[in-house]
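Within every chain, numbering begins at 1; the chains are lettered A, B, ... in the order of the sequence lines, protein sequences first and strands thereafter.
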Number of protein chains: 2
Amino acid sequence: MSALDDTDRRLLRLLQEDAARPASEIGRELGLSQPAAWRRIRRLREIGALKGRRLDLDAAALGFGVTVFLGVKLARTGRANLEDFERAVSAIREVQTVEHVLGLYDYRLRVVARDLADFERVLRRRIMTLPGIGPVEANVLLSEERLPGPI
Amino acid sequence: MSALDDTDRRLLRLLQEDAARPASEIGRELGLSQPAAWRRIRRLREIGALKGRRLDLDAAALGFGVTVFLGVKLARTGRANLEDFERAVSAIREVQTVEHVLGLYDYRLRVVARDLADFERVLRRRIMTLPGIGPVEANVLLSEERLPGPI
DNA sequence: GCTGAAACTCATTACGT
DNA sequence: ACGTAATGAGTTTCAGC
């Protein structure tokens, strides 16, 4: 596909720490000129490695103190199709992420709420009423650490 | 805790779609001048709501075609402390996220690998040898959708 | 708190190696 | 694929309303 060299990997690691870092600074740390670093970034975007830049929000600071991961299994009976489920779950405002997975569960959801009482409301009125939903398992987030990863 | 108004929330929603969107464009969509929009962004950063900007990388395009979520329970016996476990798991290159959770599992890990054979190697040689590790459950990521969330 | 303009930085293009 | 130089766009600060 595209043969990333070692410089590309170092560049991605630098940008992963702070995506707002300017190309001039990236270039300085890589021993490249500013346009050279910028061209590498553009190329990484063109080959699809770099999909975009996203905000890193602090949900707690915004009044959403509770984050819960839900493992969802679809009901065996009635075989509601996956599209119906996905469409319905995507319409729930409190759901941040929908992951279709293979294993003990069919879907994994990341859900935020203002507090546990608010979460119970979401769970009972929005989640448990989803079409085709089966057993649900929950884990409450205590703390989270993001690592650079293998790239 | 500083009273976000509705304009702040609309602003965050706009920036969530693309964190590189210029303040001038944000301002135009909110009916604000460019410096006014920029001051709101700075304020959101100052109160901690906006922690930074992160890259949205495509692991598959970078040669990591397999993403697996692991639910980890620590062993009851031996009571290795959490710090030991966290330090060891953070040193594994293939681990992207470490979440400390409450529920059926103690930790949830997001792990990437080049392919399933590579994942088996990571699982056997890195994950299963972690200090204090107990039962492990795995879900393979098929597809993932990020939603705007309630903010 | 907003506007308008100045100063500065960064992104992007052009051109030559 | 890189560098220098030039351009245009975006950010950040400042003075005034």
In whole angstrom, what separates [X]'s [atom1] from [N]'s [atom2]?
X	N	atom1	atom2	value
A:Ile26	D:dG3	CD1	C1'	18 Å
A:Leu15	C:dC10	CG	C1'	14 Å
B:Arg43	D:dT12	CZ	P	17 Å
A:Arg45	C:dT12	CZ	C1'	11 Å
A:Leu11	D:dC2	CG	C1'	15 Å
A:Arg53	D:dG10	CZ	P	14 Å
A:Ile41	D:dA1	CD1	C1'	16 Å
A:Glu25	C:dA11	CD	C1'	15 Å

Which atom pairs link the protein and nucleotides 3-6 of chain C when you take only N or O atoms and keep those under 3.5 Å?
from: C:dT3; atom 1: OP2; to: B:Ser33; atom 2: N; distance (Å): 3.1
from: C:dT3; atom 1: OP2; to: B:Ser33; atom 2: OG; distance (Å): 2.6

Nearest-0.5 Å distance, [atom1] of residue [X] to [atom2] of residue [Y]:
X	Y	atom1	atom2	value
B:Leu57	B:Gln96	CG	CD	8.5 Å
A:Gln34	A:Arg39	CD	CZ	9.5 Å
B:Leu44	B:Arg9	CG	CZ	10.5 Å
B:Leu15	B:Glu25	CG	CD	10.0 Å

query = Phosphate oxygens OP1/OP2 of C:dT12: is one of them under 4.0 Å from a side-chain N or O of A:Trp38?
reply = yes
inquiry  = Strictly below 4.0 Å, N to O, side chains only: are A:Asp18 and B:Arg54 in salt-bridge contact?
reply    = no
Geometric class of the A:Tyr107/A:His100 ring pair [parallel <30°, tilted 30-60°, perpendicular >60°] = parallel
query = Between C:dC2, D:dT12, D:dA1, which one does the side chain of A:Arg40 approach most closely?
reply = D:dA1
inquiry  = Using the side-chain heavy atoms of B:Arg42, tell me which of these nucleotides is nearest: D:dT13, C:dC2, C:dA11.
reply    = D:dT13
message = With no hydrogens and no angle check, just 3.5 Å: does a side-chain donor-acceptor pair link B:Ser90 and A:Glu145?
response = yes
